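Only one structure is covered here, and it is reproduced in the block below.
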Amino acid sequence: MYHILEARIRKALRDFIRRRYDADVQVPIERPPRIAMGEVASPVCFELAKRLKRAPRHIAQEIANQIGKIDGVERLEVAGGGYLNAFLDRAGFFAATLSGVTKGPAEAPADAPKNIVEHTNINPNKAAHIGHLRNAALGDSFVRLLRHAGRRVEVQNYIDNTGVQVADVALGFLHLEKKSAAEVRALAAQPRFDYFCWDLYARVTQSFETEPARLALRGDTLKAIEEGHGAVAELAEIISTTIVRCHLRTMERLGIEYDLLPRESEILHLKFWDAAFQQLKARGAIRLATSGKNAGCWVMQMSDAEGGTQNEGDEDADSKIIVRSNGTVTYVGKDIAYQLWKFGLLGRDFHYSRFHTHPSGHTVWVTRADDGEADAPPFGHAAQVYNVIDSRQAYLQNVVVAGLRALGFDSQADRSMHFSYEIVALTPRCAKEMGYELSPEDAQRSFVEVSGRRGLGVKADDLLDRLEAAARAEVDSRHPQTPEIERAAIAHIIAIGALRYFLLKYTRNTVIAFDFKDALSFEGETGPYCQYAIVRARNIWRKLAEQSRQLVEKADSSGSDSAFFDSCSPESLKAFLAAPEGDELWEMLLLAGSFGAQVEAALAAQEPAFVAKYAFQLAQAFNNFYHKHHILSEEDPSRKAFLLTLTKLVERQLVLALDLLGIEGPEKM
RNA sequence: GCGCCCGUAGCUCAGUUGGAUAGAGCGUCUGCCUUCUAAGCAGAGGGUCGGGGGUUCGAAUCCCUCCGGGCGCGCCA
């Protein structure tokens, strides 16, 4: 509701200024610092003062006097040196917000432009860790935001099943474990295969240092895996597919689901790169270097705009190798091909088959080189692409975009977004707590980077287990009579709430220094705090239901909150919200009605943290309200109905906000 | 060397396109459970927004510079 009024006021001011002063200005809109100064403010008169060469306060006064009625605005006041402050019609805002809530977000039509969000993308050679969780939580939350805004979204989780990381673990099984494919298959059927590989991967990496000769095996192993034939390839296939299933299971614990798993093996076997290479050569996007250090390589010239380093006279420094002198393609080259495919610009497609069914019943598809299932939905052909990748890969993402641009696909280049975020690191204390030896330099730093190669990191499932155990202990102490299954379910919801909130409350470009103390906290600015506000709201209604069946049934049958709302008269409503006594209730209502504005801002900034912040503020306002007003013992039936409606409204907005973060509101906790 | 990001309370972080008296959580201290659950509420204390210059009616926010930190720049992925 708030954003609608904001836009309306902006437009009214702009139109009036154009008419009255013949001036076309940007109208800045902001929130006044205190509610006593109104709800929407504009400092537009300061800018206008410059142009008209008149005192801003006088202009503001003139506008306030002459602009006339703006729908939803009670009055306009002049404040300070020339601010225009709008005071909203509180009762009207209440009614409008209530009716807005019942509508709910629009579902995207099947032919709407498609947004592809690529996230998670964990190398399928070891267990998922805390850093992967941030990627997936951000990606999934952004998907929820897009869908909430009525956009059609396809979620892809890219699987690099033919890379060195998988090759290294395959090497480990062959040479360190001395296991056959059949033995590995048996091991893969056991639980926690991803944990086993986590350790094995670290051991292999270490063995490369103690026995450098083994490193020479890597090239052949990689080649065998890429070609997809023989025992080594079979081994790699078992490893990667099993671990992808482990990752899906881990992500399902957080409620994260996917549409498609595009795999590197199919990009290779279906010769996606060849198709991209043809285009790049034909359009002169890449050229064969004949001299210098890159002689024999196909390189792409990076323009200044796309992150070239602009070293004068040194062409090599600004060019990125796409095809090596031995004819093999680099990682970025494959990525350009994949990005072209996402936009439907490659001229080739995968085959697809069903891979997995999520608990919701949703099917995850996987790419195939042949023998696809005939009823596969159409994938790719996006209008907009978001790649959720950490900020260290900014340069490579720029190369991909530069590739699109060099091919003449400017609009697709503009619609390729690197949804960038900073990594999750460990505090030195946390690393030590987990038994890692730190170098003296590392111990001095404020954080230590997670390293899959070294086996340094907090595994996602371990963290989830600890969170669930901690939540379970709390639930057990509060609800000893509740059935065991229910207590476990509540503990799970709380654990996910704590974890997802923790991962999403930081803005994307903040490095999270992970510590168990903060992550395991259920108090203060946390997910459980927000969930608790929902539980409190629901408890009021549950108790009410026990007291008076009738009222509740009336509300239920009408399918909206307005049944209660109707039982308090417009006059009394106005009185309840009137300043100054009604200011606190009004502020909470205003916040509840600002959900749409917050979502808009979060979407514009691509920042799920805005939603997290909003949910916390609303929960805080509600907890305060809960403390001050004992609703069920309220004697004035009209006021009681009003407070109950407010409670319901806040509960719904909180549920919506948390849902965008992938967090559920429990019935009790 | 070049490029990008960051520096805000003891700690961890917010601060939307420049706006009114810079906010929150944690931690510390003090209160509040006979009420709809204390995973809560109220209060106290805590700041030269890294330093210095500039632009502006107005700067944590924009520009320059210095200091301090992070990341990237590979015929790895």
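Computed from a prediction, not measured in an experiment: that's the story for all the values here. Only heavy atoms go into these numbers, but all of them, side chains included; no hydrogens, no water, no symmetry mates. In what follows, chains are A, B, ... by sequence order, proteins preceding strands, each numbered from 1.
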Using atom P in both nucleotides, what's the gap between rG47(B) and rG23(B) to the nearest angstrom?
14 Å

Side chain of His627(A) - closest among rU37(B), rC41(B), rC26(B)
rC41(B)

Taking the six-membered ring of Tyr201(A), is the NZ or CZ of Arg453(A) close enough (under 6.0 Å from the centre) and on axis enough (within 45°)?
no

Would you indicate what Ala601(A) reaches in the nucleic acid, counting non-hydrogen atoms under 4.0 angstrom: base, sugar-phosphate, or nothing?
base

Could you check which nucleotide pairs with rU34(B) in any of the strands shown, counting Watson-Crick or G-U wobble with both distances under 3.5 Å?
none

Distance-only polar pair, side chains of Glu118(A) and Asn121(A), donor-acceptor under 3.5 Å:
yes

For rA42(B) and Asn624(A) - does any side-chain N or O of the residue sit under 4.0 Å from the phosphate oxygens OP1/OP2?
yes

Rounded distance in Å between the P positions of rG74(B) and rU8(B)
32 Å

Any donor-acceptor N/O pair under 3.5 Å between rA20(B) base and Asn85(A) side chain:
yes

Nearest-Å distance once atom C1' is located in both rC36(B) and rC26(B):
28 Å

Does Ile512(A) reach a base, just sugar-phosphate, or nothing at all? Heavy atoms under 4.0 Å.
nothing

Can you tell me, in whole Å, how much space there is between the C1' of rC29(B) and that of rC67(B)?
36 Å

Counter-base of rC4(B), judged by Watson-Crick or G-U geometry with both distances under 3.5 Å
rG70(B)

Please give the distance between the C1' atoms of rA60(B) and rG18(B) as a whole number of Å.
11 Å

Starting at the 5' end of RNA chain B and moving along, which residue's nearest nucleotide shows up first, Val535(A) or Glu30(A)?
Glu30(A)

Does OP1 or OP2 of rA38(B) have a side-chain N or O of Arg536(A) closer than 4.0 Å?
yes

Could you tell me whether a side-chain N or O of Glu664(A) sits under 3.5 Å from a main-chain N or O of Pro666(A), the two making a donor and an acceptor?
no

Six-ring centre of Phe622(A), Arg536(A) cation under 6.0 angstrom, axis tolerance 45°
no

Hydrogens and angles aside, do Gln339(A) and Asn387(A) bring a side-chain donor and acceptor to less than 3.5 Å of each other?
yes

Mind telling me if rC66(B) is syn or anti? Syn here is a glycosidic angle within 90° of 0.
anti

Checking all strands, does Ile494(A) fall into the base, sugar-phosphate, or nothing category for heavy-atom contacts under 4.0 angstrom?
base

Aromatic plane relationship, Phe46(A) with Tyr83(A) - under 30° parallel, 30 to 60° tilted, over 60° perpendicular:
perpendicular

Phosphate-side-chain proximity, Gln617(A) and rA14(B), N/O vs OP1/OP2 below 4.0 Å:
no

For rC13(B), which nucleotide is its Watson-Crick or G-U wobble mate, given both distances must be under 3.5 Å?
rG23(B)

Nearest-angstrom distance from the residue atom CG of Asp168(A) to C1' of rC76(B):
11 Å

Give the rounded distance in Å between these two atoms: CG of Leu215(A) and P of rC76(B).
13 Å

Contact class for Pro33(A) (heavy atom, under 4.0 Å): base, sugar-phosphate, or nothing?
base

Which residue, Tyr532(A) or Arg392(A), contacts RNA chain B at a nucleotide closer to its 5' end, judged by nearest heavy atom?
Tyr532(A)

Applying a 4.0 Å non-hydrogen cut-off, can you work out what Glu422(A) is touching in the nucleic acid: base, sugar-phosphate, or nothing?
nothing

With the six-membered base ring of rA39(B) as reference, does the ring of Tyr529(A) sit under 5.5 Å away with planes under 30° apart?
no

What's the closest nucleotide to the side chain of Ile321(A) if the choices are rC36(B), rC75(B), rG25(B)?
rC75(B)

Counting any heavy atom closer than 4.0 Å, what does Phe46(A) reach on the DNA or RNA strands: base, sugar-phosphate only, or nothing?
base

Over all strands shown, is Lys505(A) touching base, sugar-phosphate only, or nothing at heavy-atom distances under 4.0 angstrom?
nothing

Asn509(A) side-chain proximity, nearest of rG15(B), rC6(B), rU37(B):
rC6(B)

Asn123(A) vs rA77(B): side-chain N/O to OP1/OP2 distance below 4.0 Å:
no

Base, sugar-phosphate alone, or nothing: which one does Val299(A) contact when heavy atoms must sit under 4.0 Å apart?
nothing

Separation of rU37(B) P from Ile540(A) CD1 (nearest whole Å):
8 Å

Name the residue from Tyr501(A), Phe616(A), Phe522(A), Phe502(A) that meets the ring-ring contact (aromatic ring centres under 6.0 Å, His included) definition with Tyr529(A).
Phe616(A)

Rounded to whole angstrom units, what separation is found between the NE2 atom of His630(A) and the P atom of rC41(B)?
16 Å

Any side-chain N or O of Thr510(A) under 4.0 Å from OP1/OP2 of rA14(B)?
yes

Nucleotide rG15(B), atom P - distance to OH of Tyr506(A) in whole Å
14 Å

P gap between rU37(B) and rG43(B), integer Å:
24 Å

In whole angstrom, give me the gap between the P atoms of rU65(B) and rG19(B).
24 Å

Ser391(A) side chain to Glu422(A) side chain, donor-acceptor N/O pair below 3.5 angstrom
yes

Check the distance between rC71(B)'s P and Gln393(A)'s CD and give it to me in whole angstrom.
15 Å

At 4.0 Å (heavy atoms only), tell me whether Ala537(A) reaches a base, stays on the sugar-phosphate, or touches nothing.
nothing

Separation of rG74(B) C1' from Leu396(A) CG (nearest whole Å):
10 Å

Taking 4.0 Å as the cut-off, does a side-chain nitrogen or oxygen of Asn539(A) come that near to OP1 or OP2 on rU37(B)?
yes

Can you confirm whether Ile130(A) sits close enough to Arg134(A) that some side-chain heavy atom of one is under 4.5 Å from a side-chain heavy atom of the other?
no

Categorize Asn623(A) for me: base, sugar-phosphate, or nothing, with a 4.0 angstrom heavy-atom threshold over every strand shown.
sugar-phosphate

With sugar-phosphate meaning primed atoms plus P, OP1 and OP2, does Tyr626(A) contact a base, only sugar-phosphate, or nothing at under 4.0 Å between heavy atoms?
base

Given the structure, check if the side chain of Ser325(A) and the base of rC75(B) hold any donor-acceptor pair shorter than 3.5 Å.
yes

Counting only side-chain N and O atoms of Arg445(A), is one of them less than 4.0 Å from OP1 or OP2 of rG70(B)?
yes

Roughly how many Å apart are rG10(B) and rC41(B), using the C1' atom of each and rounding to a whole number?
25 Å

Which part of the nucleic acid does His629(A) contact within heavy-atom distance under 4.0 Å: base, sugar-phosphate only, or nothing?
base

Here the distance between atom C1' of rC75(B) and atom CH2 of Trp273(A), to the nearest Å, is 14 Å

May I ask you to say what Ala295(A) touches in the nucleic acid, namely base, sugar-phosphate or nothing, with a heavy-atom cut-off under 4.0 Å?
base

Can you find an N or O donor on one side and an acceptor on the other, under 3.5 Å apart, linking the side chain of Arg34(A) with the base of rA20(B)?
no

Taking Glu525(A)'s backbone N and O only, do any of them form a donor-acceptor pair with Lys505(A)'s side chain (distance below 3.5 Å, no angle check)?
yes

